[in-house]
There are 2 protein chains.
Amino acid sequence: MAYTYDFPKADLTTDAVVFGLDLDAGRLQVLLVERGVDPFRGAWALPGGFIRQDEDLEACVRRELHEETGVEVAWLEQLYTFGAVARDPRGRVVTVAYWGIVRPDQVRLRAATDAAAAAFHDAEALPPLAFDHADIVASALQRLRGKLRWQPVGLWLLDEVFTLVELERVYAILLGQPMDRGNFRKKIRPQVEAGVLVPTGQQRKPPAGRPAALYRFDEAAWQRREAEGAAFEV
Amino acid sequence: MAYTYDFPKADLTTDAVVFGLDLDAGRLQVLLVERGVDPFRGAWALPGGFIRQDEDLEACVRRELHEETGVEVAWLEQLYTFGAVARDPRGRVVTVAYWGIVRPDQVRLRAATDAAAAAFHDAEALPPLAFDHADIVASALQRLRGKLRWQPVGLWLLDEVFTLVELERVYAILLGQPMDRGNFRKKIRPQVEAGVLVPTGQQRKPPAGRPAALYRFDEAAWQRREAEGAAFEV
DNA sequence: CCAAAAGTGTTAGTATTACACCCATGT
DNA sequence: ACATGGGTGTAATACTAACACTTTTGG
């Protein structure tokens, strides 16, 4: 073992900030677990845990997330690495934080391993969090807002087919402010022309009023456009 | 030690991508060290090394940077954490990458510890790099370009006092394209009005032509504006 | 025919771009 | 006087925001 070093090491964990977007209630939430072990037993925290030697960072966060909450999320992005010396009372623990977003009504929560419970909490009214997890959530919120205007975040939250008004509602909730219908469509139009948003020809009937045209998201077309430097602006 | 875990751990390093902006040559460079130890002995790599138990991530990267190159950089930002399982032949090593930018003519290179040499290399023509450091550099370049338009990156590269034409030249090099003088000043004007760029009343005489007004950067004023959500657009 | 919800158009204000012009200095 | 580099102004164009209007459905 010519390359081995021998001095006290820092430990490495991953944590996940999983936002939940409740389309009906129009609220943004955060997935938390109630800790079943010390330290911070009984407090709410982000799902996460120690990395194994043979797994990638993202694999680790997905495993921990699934173990502690039962949730699997389609899209996860690395957020930031938090490594303040005193952030964990167990000793020197550095954590790589990831964030993602899901529809709470499309996942089944199931607490397990060292989590006593798992639940979505309103992002505007979070309970006190363990470790420096409040900082991590704040950082994730900032990233979410920034990402929204360039990446098709809203589309990852909708069903296979959706209407433009539904898409608009998603953005209104995520940005925390109502949008102008006409202007929203103007921004979206280039995406339709580029084939990123594809009209299916089908319609969906609302409780009252004119039926809405259904669209689907052509992810491959988006990948191509993104490679060319195009953005998904709203 | 109730909270101690005992399984094979991942090791943690930090690496620094320090860009050098040569104002005279108009080139962007990257600070590299020639490795003096295995693995990759003799290859060029980013300065960096293992974290100690009692130091923050940023403290670590600054220490390693100073030890291996003699360079101290005013501003460093976390870039991304690279953790692919096989990225290091020594075993499981995860690295937290930082990036920063300096003027090569304002630092004194001095290779030491496990680096055989330290030098700036042209960003467009880097030698083959150790580990996954080529990926890290590519990622840093992307971040630099993205950051430019919102943060006063250009100002961190100038002397205490500077002219607006000098500032414009910095941006032209960083963005890789010439700028329109008039339009650049129009973008800058709000920063002058907000007190972020302060005219000193002094002038600097060029080799020929009209003397240029000197400005200084009021970092505190910028912090205030930034907190209010303002950007430093160019 | 009316209410509700989807979808379109029009206009005023603002920001961006390209380019021409003026100013201060050394030779 | 003129070359050199610093500094300002303007007109055309593109983008944005606000709001009014039209279309399609169910009762």
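Just the heavy atoms: all of them, side chains too, but no hydrogens, waters or symmetry mates, feed the values below. We name chains A, B, ... by the order of the sequence lines, and we start the count at 1 in each one.
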Nearest-Å distance for atom pair CZ/C1', residues A:Arg204 and D:dT25: 16 Å
side-chain contact (heavy atoms from CB on, under 4.5 Å) partners for B:Asp180, two or more places apart: B:Asn183
Sequence neighbours excluded - side-chain hydrogen bond (donor to acceptor under 3.5 Å, both in side chains) pairs with any residue from residues 151-172 of chain A: A:Gln106-A:Asp159, A:Gln151-A:Glu226, A:Glu166-A:Arg204
Nucleic acid contacts - residues 188-200 of chain A versus DNA chain D, non-hydrogen atoms under 4.0 Å: none
Separation of atom CE in B:Met179 from atom C1' in D:dG7, rounded to whole Å: 16 Å
Nearest-angstrom distance from the residue atom CZ of B:Arg169 to P of D:dG7: 11 Å
Salt bridge (charged side-chain N to carboxylate O under 4.0 Å, His left out): pairs with one or both residues in residues 129-143 of chain B, sequence neighbours excluded: B:Glu77-B:Arg143, B:Arg87-B:Asp132
Residue from A:Val107, A:Val102, A:Thr69 passing side-chain contact (heavy atoms from CB on, under 4.5 Å) with A:Val18: A:Val102
Spacing between B:Lys205 atom NZ and D:dG6 atom C1', to the nearest angstrom: 13 Å
Contacts of B:Gln202 that satisfy side-chain contact (heavy atoms from CB on, under 4.5 Å) - sequence neighbours left out: B:Thr200, B:Leu214
Pairwise 5' ranking along DNA chain C for A:Arg185 and B:Ala208, keeping only the more 5' one: A:Arg185
Straight-line distance of A:Lys186 NZ to A:Arg181 CZ, nearest 0.5 Å: 12.5 Å
ring-ring contact (aromatic ring centres under 6.0 Å, His included) partners for B:His66, two or more places apart: none
Throw together a table of side-chain donor-acceptor distances under 3.5 angstrom for residues 191-198 of chain B, partners on residues two or more places apart or in other chains.
from: B:Gln191; atom 1: OE1; to: B:Arg225; atom 2: NH1; distance (Å): 3.3
from: B:Gln191; atom 1: NE2; to: B:Ala231; atom 2: O; distance (Å): 3.0

Spacing of B:Lys187 atom NZ relative to D:dG7 atom C1', expressed in whole Å: 19 Å
Expected rows: protein N/O vs nucleotides 18-24 of chain D N/O, under 3.5 Å:
from: D:dA18; atom 1: N7; to: A:Asn183; atom 2: ND2; distance (Å): 3.0
from: D:dA18; atom 1: N6; to: A:Asn183; atom 2: OD1; distance (Å): 3.2
from: D:dA18; atom 1: N6; to: A:Lys186; atom 2: NZ; distance (Å): 3.4
from: D:dC19; atom 1: N4; to: A:Asp180; atom 2: OD1; distance (Å): 3.1
from: D:dC19; atom 1: N4; to: A:Asp180; atom 2: OD2; distance (Å): 3.4
from: D:dT23; atom 1: O2; to: A:Arg210; atom 2: NH1; distance (Å): 3.0
from: D:dT24; atom 1: O2; to: A:Arg210; atom 2: N; distance (Å): 3.2

Pairs meeting criterion side-chain hydrogen bond (donor to acceptor under 3.5 Å, both in side chains) with involvement of residues 13-29 of chain B, two or more places apart: B:Thr13-B:Thr95, B:Asp15-B:Thr95
Span of DNA chain C, from the first to the last nucleotide whose atoms fall under 4.0 Å of chain A heavy atoms: C:dA4 to C:dT10
Straight-line distance of B:Thr81 OG1 to A:Tyr98 OH, nearest 0.5 Å: 7.5 Å
Close residues, residues 152-166 of chain B, relative to DNA chain C [heavy-atom separation under 4.0 Å]: none
B:Glu64 side, atom CD; B:Leu46 side, atom CG - distance, nearest 0.5 Å: 12.5 Å
Ring centre gap for B:Tyr215 and B:Phe217 strictly below 6.0 Å: no
All pairs passing ring-ring contact (aromatic ring centres under 6.0 Å, His included) where residues 125-145 of chain B contributes a residue, at least two apart: B:Phe40-B:Phe131, B:Phe131-B:His133
